[in-house]
Engineer: 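Below you will find the structure I want to go over with you.
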Protein chains: 2
Amino acid sequence: MFRLSKAAEYAIRGVLYLSGKEDTVKPTGIEEIATAQGVPPAYLAKLFQTLGKKGFVRSVRGHDGGFVLTKTPSEISFLDIIEAVEGPIFLNDCLINEGYCANDSVCPVHDVWGEAQKRLLGFFSSCNFKELSESGLKKRKKLKSKS
Amino acid sequence: MFRLSKAAEYAIRGVLYLSGKEDTVKPTGIEEIATAQGVPPAYLAKLFQTLGKKGFVRSVRGHDGGFVLTKTPSEISFLDIIEAVEGPIFLNDCLINEGYCANDSVCPVHDVWGEAQKRLLGFFSSCNFKELSESGLKKRKKLKSKS
DNA sequence: TTATTCAGGACATAAAAGGTCTTTTATATC
DNA sequence: GATATAAAAGACCTTTTATGTCCTGAATAA
Ligand code: SF4
Ligand code: SF4
């Protein structure tokens with residue numbers, strides 16, 4: 001169906017929420033993040049668990065625990081988070097490695113997938129969470145001034 | 001998982017095969033197409049059935065029947081065939097229509113999906129089957145000259 | 001020590017992908 | 001007209017992926 005997973009959507013919005021916090025030291029509980037973004041808490045917890053393993057967030061257990069970003073928002077790209085939760089993106093199996101499909105040396109379709117993937121990944125890796133967060137503030141301000 | 005479906009891959013390779021034929025009048029049987037491309041015949045038949053409904057191929061039943069392209073290869077885009085077999089592409093539900101997600105007026109993520117989708121669709125619609133077929137011939141020639 | 005909060009993993013459900021098969025209908029040829 | 005051929009239509013099946021939930025255990029601050 002060629003659609004982003006909820007996993008990616010939720011994870012990104014979670015990281016976005018953390019990116020919007022001024023206090024970058026105090027951990028934020030998963031419950032707070034989930035409620036703020038309106039996503040299933042238990043699922044988000046799973047996702048943040050893997051974000052932790054991949055090193056994008058640090059987790060603090062126990063009282064007043066939660067999650068903190070380990071990098072500044074400008075250093076985290078969209079692609080980072082997408083790939084962290086859904087694994088590396090391959091538009092088609094034959095892009096995994098040369099020779100995966102025996103046909104790829106003569107197949108013109110292969111090149112199209114390759115180019116499409118290159119462009120898509122390039123775009124996603126060009127989006128960072130600092131920009132994203134700022135653009136969110138801007139949108140909110142614009143909406144307010146209208147009403 | 002963000003991957004093209006086999007359906008799209010098979011359909012595209014089927015159309016590509018037809019695009020490579022000089023004789024544009026005599027129908028080509030699904031069995032021939034499937035064997036030439038190494039894809040499951042029954043499945044490909046289903047796919048061509050829907051390609052027929054969408055008007056990209058014309059079908060002839062009975063003895064010496066099969067499929068013929070209804071347009072010249074240069075008029076058929078990658079996107080045409082992909083969308084014909086998997087339905088319209090939406091990277092995320094909120095792109096289906098404005099207001100699908102109540103949040104989209106303030107959500108910065110929305111815009112990223114939108115831009116990514118715009119670029120992807122733009123690229124796919126810029127690829128036509130005449131170019132594709134020619135690039136296939138070129139690749140084959142190059143490979144031959146090497147061996 | 002106790003309440004809190006994440007980690008890890010098992011489990012559940014539903015949807016989609018990928019594919020087969022059978023029956024019916026249209027067509028060309030003998 | 002009979003017959004062989006080939007697509008149309010739709011039922012059916014299996015496997016994989018997506019999207020969660022829940023429980024138990026471990027860390028930690030108050
Ligand atoms: S696109 Fe070409 S190379 Fe890639 S899997 Fe399909 S046939 Fe093989
Ligand atoms: S990206 Fe933003 S607008 Fe789109 S569904 Fe997610 S929250 Fe809603």
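Below, read A as the first sequence line, B as the second, and so on, with proteins coming before strands; counting in each chain starts at 1.
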Engineer: May I ask you to evaluate whether Y10(B) reaches the phosphate of dG19(C), defined as a side-chain N or O under 4.0 Å from OP1 or OP2?
Structural biologist: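 So the side chain of Y10(B) is within the cut-off, an N or O lying under 4.0 Å from OP1 or OP2 of dG19(C).
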Engineer: Would you mind writing out the side-chain donor-acceptor pairs for residues 39-50 of chain A within the sub-3.5 Å range, not counting sequence neighbours?
Structural biologist:
residue	atom	partner	partner atom	Å
T50(A)	OG1	L47(A)	O	2.9

Engineer: Distance check needed: dG19(C) P versus K6(B) NZ, whole Å only.
Structural biologist: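 It is 7 Å, rounded to the nearest whole Å.
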Engineer: What residues in residues 27-35 of chain B put a non-hydrogen atom under 4.0 Å from any atom of DNA chain D?
Structural biologist: G29(B), I30(B)
Engineer: Is the shortest heavy-atom distance from the side chain of F78(A) to the side chain of L132(A) under 4.5 Å?
Structural biologist: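 Side-chain contact under 4.5 Å: yes.
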Engineer: E9(A) has an atom CD; how far is it from atom P of dG20(D), in whole Å?
Structural biologist: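 Value for this atom pair: 11 Å.
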Engineer: For E9(B), check salt bridge (charged side-chain N to carboxylate O under 4.0 Å, His left out) against everything at least two apart and list the hits.
Structural biologist: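 With sequence neighbours excluded, E9(B) shows a salt bridge (charged side-chain N to carboxylate O under 4.0 Å, His left out) to R13(B), given in chain and number order.
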Engineer: In whole Å, what is the span from the CG atom of D93(A) to the P atom of dT17(D)?
Structural biologist: 10 Å
Engineer: Rounded to whole Å, please give me the gap between CZ in R3(B) and C1' in dT16(D).
Structural biologist: 12 Å
Engineer: Contact list please: residues 45-65 of chain A against DNA chain D, heavy atoms, distance less than 4.0 Å, in numerical order.
Structural biologist: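 Correct list: R61(A), G62(A), H63(A).
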Engineer: What residue pairs, at least two apart or across chains, pass salt bridge (Lys or Arg N to Asp or Glu O under 4.0 Å) with a residue in residues 54-82 of chain B?
Structural biologist: none
Engineer: Do S19(A) and L69(A) have side chains that approach each other closer than 4.5 Å (heavy atoms only, starting at C-beta)?
Structural biologist: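 Side-chain contact under 4.5 Å: yes.
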Engineer: Measure from CZ on F2(A) to P on dA16(C) and round the result to the nearest Å.
Structural biologist: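 It is 17 Å, rounded to the nearest whole Å.
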Engineer: Mind calculating the distance between NZ (K26(B)) and C1' (dA28(C)) to the nearest angstrom?
Structural biologist: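 These atoms are roughly 15 Å apart.
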Engineer: How long is the gap from SG on C127(A) to CG on D111(B), to the nearest 0.5 Å?
Structural biologist: 10.0 Å
Engineer: Keeping S133(B) on the side-chain end and K130(B) on the backbone end, is there a donor-acceptor pair under 3.5 Å?
Structural biologist: no
Engineer: Taking side chain to side chain contact (heavy atoms under 4.5 Å, CB included) as the definition, give me every residue that meets it alongside I96(A), ordered by chain and number, with sequence neighbours left out.
Structural biologist: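 I96(A) satisfies side chain to side chain contact (heavy atoms under 4.5 Å, CB included) with F90(A), D93(A), Y100(A), R3(B) once adjacent residues are dropped.
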